[in-house]
Asker: 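The structure is given below, and queries will be raised subsequently.
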Amino acid sequence: MTTLKNDRFLRALLREPVDTTPVWMMRQAGRYLPEYRETRAQAGDFLSLCKNTEFACEVTLQPLRRYALDAAILFSDILTVPDALGLGLYFETGEGPKFHKTVRTAQDVANLPKFNAKSDLAYVMNAVSTIRSALAGQVPLIGFSGSPWTLATYMVEGGSSKDFRFTKQMMYAQPEVLHALLDRLADAVIDYLNAQIEAGAQAVQIFDSWGGALAHREYLEFSLKYMQKIVAGLKRENEGRKVPVILFTKGGGQWLEPMIATGADAFGLDWTTPLNVARQTVNGRAALQGNLDPATLYGSAATIAKATQAMLDDAYANGEKTGYVANLGHGITQWVDPDHPKIFIDTVHDYSAKYLG
């Protein structure tokens, strides 16, 4: 087992002492980097990039060559599970992901095939083990999955949606059908994340990208309930150390209190939740991650540094010296100047010393 040279990301998630605030970025391997675009062109298309072990490893490592990041995240897609369930994932230029098949009836749910992560998504596990080996203990590797609710929206809608018409129609008119689908997906995600952990992922994040589209009671019933089931089913220790679990519901900062009951180690925040308020709410019971507006990285160096410092001031306003991971409030966008993330990352490391020294 390779010794981890930099484990401050894992330590912060477990609320253990850290020497400086750890930082990574959602979608840190992505289209804003020219080297990523070159590798994607070699692969031919996005799915081919995901399914080629060598390419997936290469793009995962690219941002670590540019920036002093404290974690790597597996390069993959949240829709690998629905694709493995036979729905036929494809990408239309400028339109995002789509599926050839949808799941809109009880029979559609019943017809979903059995799922085995190690065999059905072997290319993901190959990528995890290859990336982990290539990292050689430099930083921890994060595995991830979409949440059952988020995966269900794509499966029911057939792709991206602004109003989730068919999914919400199912939720209110045939809730038993949606519950059956979410239960199947929760089991699949448990299997998927445990397989990633066994392949070498040292922390995992559940992306609940569309949880914020739900009303309060419906969020608890149709999203959080199934993430709680996943957390309960995960392997929480591997290779002699704990495997932290992060839940991230975009637009979900108001649900921090019920989230804590899931038993997850940390919760990601988007940019709409005041970080100092979130820290008071959590009150040392879990770690937090986030929450710089990704659009901040369009600004000047001074603007980025000032916003990052303000975020850190909020993170440590209650006197805690750990339990916080700096990140963006959602994924970095493709239009960001590749020089700008360095300002954010370096500011996190340099400025946080005043609180952690």
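Keep in mind it's a predicted model, so treat the numbers as computed, not measured. Throughout, residue positions are numbered sequentially from 1 according to the sequence presented.
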Asker: Do Glu38 and Gln42 have side-chain atoms, one donor and one acceptor, less than 3.5 Å apart?
Answerer: no

Asker: Decide side chain to side chain donor-acceptor pair (under 3.5 Å) for Thr105 and Asp108; before the verdict, give the C-alpha distance in whole Å, the side-chain angles of both, and the deciding distance to 0.1 Å.
Answerer: CA-CA 5 Å; Thr105 67; Asp108 289 340; 3.2 Å; yes

Asker: Hey, does the side chain of Asn291 reach the backbone of Asn327 with a donor-acceptor pair shorter than 3.5 angstrom?
Answerer: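 No; zero donor-acceptor contacts below 3.5 Å.
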
Asker: Decide if atom CZ of Arg165 counts as having more than 12 heavy atoms of other residues, nucleotides or ligands within a radius under 6.0 Å.
Answerer: no

Asker: Counting only heavy atoms not in Gln334 (residues, nucleotides, ligands), do more than 12 fall under 6.0 Å from its CD?
Answerer: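 Check passes, neighbour count above 12.
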
Asker: Is the count of non-hydrogen atoms from other residues, nucleotides or ligands lying under 6.0 Å from Arg65 atom CZ greater than 12?
Answerer: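 Correct, the count exceeds 12.
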
Asker: Do the side chain of Asn194 and the main chain of Lys235 share a donor and acceptor less than 3.5 angstrom apart?
Answerer: yes

Asker: Examine Phe144 together with Phe207 and report whether their ring centres are nearer than 6.0 Å.
Answerer: yes

Asker: Students often mix this up, so state it plainly: with edges at 30° and 60°, are the rings of Tyr32 and Tyr67 parallel, tilted or perpendicular?
Answerer: parallel

Asker: Phe164 vs Leu214, test: side chain to side chain contact (heavy atoms under 4.5 Å, CB included). Steps then yes/no.
Answerer: CA-CA 10 Å; Phe164 307 103; Leu214 288 163; over 6 Å; no

Asker: Keeping the roles fixed (side chain from Gln228, backbone from Ala261), state whether a donor-acceptor pair exists under 3.5 Å.
Answerer: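 Checked: pair present.
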
Asker: Assess whether atom CZ of Arg31 is packed by more than 12 heavy atoms of other residues, nucleotides or ligands within 6.0 Å.
Answerer: no

Asker: Treating Asn238 as the side-chain partner and Ile197 as the backbone partner, does any N or O pair qualify as donor plus acceptor under 3.5 Å?
Answerer: yes

Asker: Measure the acute angle between the ring planes of Phe46 and Phe91, then classify it against the limits of 30° and 60° as parallel, tilted or perpendicular.
Answerer: perpendicular

Asker: Is the ring pair His179/Phe222 parallel, tilted or perpendicular, if the boundaries are 30 and 60 degrees?
Answerer: parallel

Asker: Are more than 12 heavy atoms, taken from residues, nucleotides or ligands other than Lys118, located less than 6.0 Å from that residue's NZ atom?
Answerer: no

Asker: Could you tell me whether a side-chain N or O of Arg15 sits under 3.5 Å from a main-chain N or O of Gly323, the two making a donor and an acceptor?
Answerer: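 No; zero donor-acceptor contacts below 3.5 Å.
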
Asker: Under the criterion side chain to side chain donor-acceptor pair (under 3.5 Å), I'd like the reasoning laid out for Trp210 against Tyr154: C-alpha separation, chi angles, the key distance, then a yes or no.
Answerer: CA-CA 10 Å; Trp210 302 123; Tyr154 286 99; 3.2 Å; yes

Asker: Would you name the heavy atoms of Thr150 and Ser209 that are closest together and state the gap between them?
Answerer: OG1-N, 3.0 Å

Asker: Report the relative orientation of the aromatic rings in Tyr316 and Tyr324; use parallel for angles under 30°, tilted for 30 to 60°, perpendicular for over 60°.
Answerer: perpendicular

Asker: Between the main-chain N or O of Leu74 and the side-chain N or O of Thr60, is there a donor-acceptor pair closer than 3.5 Å?
Answerer: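 Not confirmed, Thr60 side chain does not pair with Leu74 backbone.
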
Asker: Sub-3.5 Å donor-acceptor pair from the side chain of Gln28 to the main-chain atoms of Ala71, do we have one?
Answerer: yes

Asker: Is the Trp335 to Tyr298 ring centre distance short of 6.0 Å?
Answerer: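 No: the rings miss the under 6.0 Å criterion.
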
Asker: Go through the steps for Glu157 and Thr167 under the test side chain to side chain donor-acceptor pair (under 3.5 Å), then give the verdict.
Answerer: CA-CA 7 Å; Glu157 302 295 330; Thr167 318; 2.7 Å; yes

Asker: Is the backbone N or O of Leu297 less than 3.5 Å from a side-chain atom of His340, with the two atoms forming a donor-acceptor pair by type?
Answerer: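 Yes, His340 side chain to Leu297 backbone: donor-acceptor pair under 3.5 Å.
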
Asker: Considering all heavy atoms of both residues, which atom of Lys229 and which atom of Ile190 are nearest to each other, and what is their separation?
Answerer: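 So the minimum-distance heavy-atom pair works out to O-CD1, 3.6 Å.
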
Asker: Is it true that a side-chain atom of Thr273 and a backbone atom of Leu269 form a donor plus acceptor pair closer than 3.5 Å?
Answerer: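 Answer holds: no.
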
